[in-house]
Amino acid sequence: MSVLVYVDQQDGKIKKAALEALSYGAAIGSQANLPVSALVAGQVPKEELDRLGSFGAGKVLHASNGELKSFDGAVHAALLKAAAAKENATVIVLSHNFHGKDIAPQLSVLLRAGLVTGVISLPDLSAEFTVKKSVFSGKAVARVKVISPVKILTLSPNSFPLTPSGKSAPVEKLEVALPASRVKVTSVEKESGAIPLPEAEIIVSGGRGMKGPENWGMLEALAQALGAATACSRPVADAGWRPHHEHVGQTGLTVRPNLYVALGISGAIQHLAGVNGSKVIVVINKDPEAPFFKAADYGLVGDIFQIVPALTQAVKKFKGE
Amino acid sequence: MKILVCISRTADTTAKIAFTSNNTKFDEADVQFIINPYDEWYALVRALEMKEKDGATVQLISVGGPETDPLLRRGLSYGLDSAVRVNYSGSDPFRIASEIAAWVRGEGFDLILTGKETIDYNGSSVGGMIAALLGVPFISLATKLDLAGSRATVHREMEGGEEICEADLPLVVSCQKGVAEMRMPNIRGIQTARSKPFQVREPESGEELIQSLDFELPPAKAGVKLVPADQPEELVRLLHEEARVI
């Protein structure tokens with residue numbers, strides 16, 4: 001019996017969400033006294049693989065079949081199935097991100113293993129295997145029992161701390177035959193350099209109160225000072241002020257950063273559904289009646305066009321710039 | 001071209017979230033139920049657009065009790081062809097996917113569409129499970145979907161951008177914002193929805209892999225701490241010393 005963690009990567013770089021999944025899998029391993037292996041799929045440089053021991057892997061399995069290149073979740077699920085058989089895995093952990101959401105349900109079918117997606121804390125192993133997951137878009141938490149002998153969990157981003165130990169782990173080449181990818185990626189459109197929203201620890205987000213796309217410079221300046229990613233509310237994305245992949249809320253992305261700073265967002269219930277997993281929420285809005293203040297930890301009532309540049313200066317001063 | 005759209009019944013986005021029976025059941029009192037928005041605005045409407053453009057036939061399927069029927073009728077009022085309900089009321093995604101896959105095996109579909117997740121359980125599980133049960137490709141989190149003959153071109157979301165990819169039909173796609181333009185049923189659609197073929201199928205006996213035990217509400221926020229608008233340094237201090245997030 002063992003814990004197996006799918007360690008997601010992009011362009012050869014291990015994602016932060018994957019390190020969280022590995023740390024979480026390692027914690028289950030020490031809870032249940034089981035060995036922990038990390039599975040990495042695709043071309044990844046050795047120095048990235050060598051980092052994984054520090055995040056709790058006892059062993060790193062690396063597969064770099066050509067079939068893994070053009071992402072087809074079915075192929076990655078087949079790889080996980082082979083690795084799970086080899087390691088006799090009873091708990092399999094993935095990140096609750098774009099790849100994890102694609103692979104995990106397919107793996108659940110291949111292994112006839114119960115899947116709980118978006119878990120937010122360690123499982124309770126005292127009697128049966130139960131685990132908590134976020135439901136109703138963060139407005140409640142469900143306790144779910146996994147009935148099958150093998151359990152699959154996807155971990156919500158920013159739900160589990162990273163605690164590097166400095167240890168190292170051996171890297172093994174995993175050579176298995178895989179089915180051909182049936183999904184052909186023909187092109188990638190990506191903003192280079194930007195912090196991807198689901199991975200961001202701090203997010204600065206703008207709403208209609210920003211008045212227009214030409215005012216985003218001050219928001220970006222604050223985001224840069226904080227080391228934050230930028231996001232927006234639905235009306236802003238709908239108006240084309242910002243790209244749709246920045247839209248956070250019920251119909252956009254769900255985010256769980258440590259700090260969410262909302263500028264000129266009233267806080268409609270649909271927006272809150274996408275951000276209420278944030279650890280700390282700061283709301284800056286000229287309308288003291290804005291519903292967002294009820295969900296906020298800190299609030300400033302006033303004109304964002306005066307407050308935001310001053311706040312950026314204060315952050316820069318704090319960081320000693 | 002035969003398209004199957006999977007829809008789910010969920011509480012309205014603005015519903016008050018509360019639980020009864022020792023926190024084991026969602027409190028349905030005074031709650032309005034809707035078609036899961038991802039299923040309706042994106043999967044269903046994209047199928048409708050394909051019907052209008054290329055003459056595809058579109059069937060709706062939902063796995064649920066009789067309380068689901070009005071929502072299937074509402075789905076039909078967009079102008080779709082027929083609906084089927086599998087009479088199973090549980091919430092295990094593997095069991096739900098198994099029921100849908102069994103229906104697809106009997107009927108045959110070129111394209112199966114789901115929403116990216118339901119807004120109640122937030123599982124994002126059923127679409128991928130249907131694909132794996134049927135042994136057909138799955139593309140998740142689509143923001144654009146087009147067909148040319150028996151090949152689909154799909155834009156899907158990734159960290160900080162999008163990938164454009166292609167796959168052959170039959171195919172399962174989970175849909176999100178961008179896939180279709182939101183619209184409302186028209187009068188003619190509403191009038192003809194009653195007369196569209198609608199069947200109820202008894203479930204097959206199947207395995208369940210997970211079971212939802214009970215629910216809890218997150219701890220209430222302590223309340224907002226207001227910082228004077230002219231003291232941004234004070235906010236920075238609080239974020240550093242009290243909240244410890246910067």
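In what follows, every chain begins at residue 1, and chains take the letters A, B, ... in the order their sequences are listed.
- Taking chain A as the reference chain and counting heavy-atom pairs below 4.5 Å, the highest number among B/Glu159, B/Arg156, B/His155, B/Arg244 is found for B/Glu159.
- Ion pairing of A/Lys184 with B/Asp168 is absent here, as no side-chain N (NZ or NE/NH1/NH2) approaches a carboxylate O to less than 4.0 Å.
- Formation of a donor-acceptor pair under 3.5 Å by the A/Thr186 side chain with backbone atoms of B/Ile164 is found in this model.
- Minimum heavy-atom separation, A/Arg234 to B/Trp41: NH1-CZ3, 4.0 Å.
- Across every non-hydrogen atom of A/Ala140 and B/Ile17, the tightest pair is CB-CG2, 4.1 Å.
- Heavy-atom pairs under 4.5 Å with chain A peak, among B/Gly161, B/Gly135, B/Ser125, B/Pro37, at B/Ser125.
- Of the charged side-chain nitrogens involved, none lies within less than 4.0 Å of a carboxylate oxygen, so that B/Glu233 and A/Lys317 do not count as a salt-bridged pair.
- By number of non-hydrogen pairs under 4.5 angstrom with chain A, the leading residue of B/Leu217, B/Thr10, B/Asp230, B/Thr13 is B/Thr13.
- Contact annotation for B/Arg95: neither backbone nor side-chain heavy atoms come within less than 4.5 Å of a heavy atom of chain A.
- A distance-only check finds a donor-acceptor pair linking the side chain of B/Asn122 to the backbone of A/Phe136 [under 3.5 Å].
- Closest approach of A/Tyr298 to B/Leu235, counting heavy atoms only: CB-CD1, 3.8 Å.
- The backbone N or O of B/Asp120 sits nowhere less than 3.5 Å from a side-chain atom of A/Lys139 that would complete a donor-acceptor pair.
- Nearest heavy atom pair, residue A/Leu311 against residue B/Pro232, reads CA-CB, 3.6 Å.
- No other option in B/Glu242, B/Glu162, B/Glu216 has as many heavy-atom pairs under 4.5 Å with chain A as B/Glu216.
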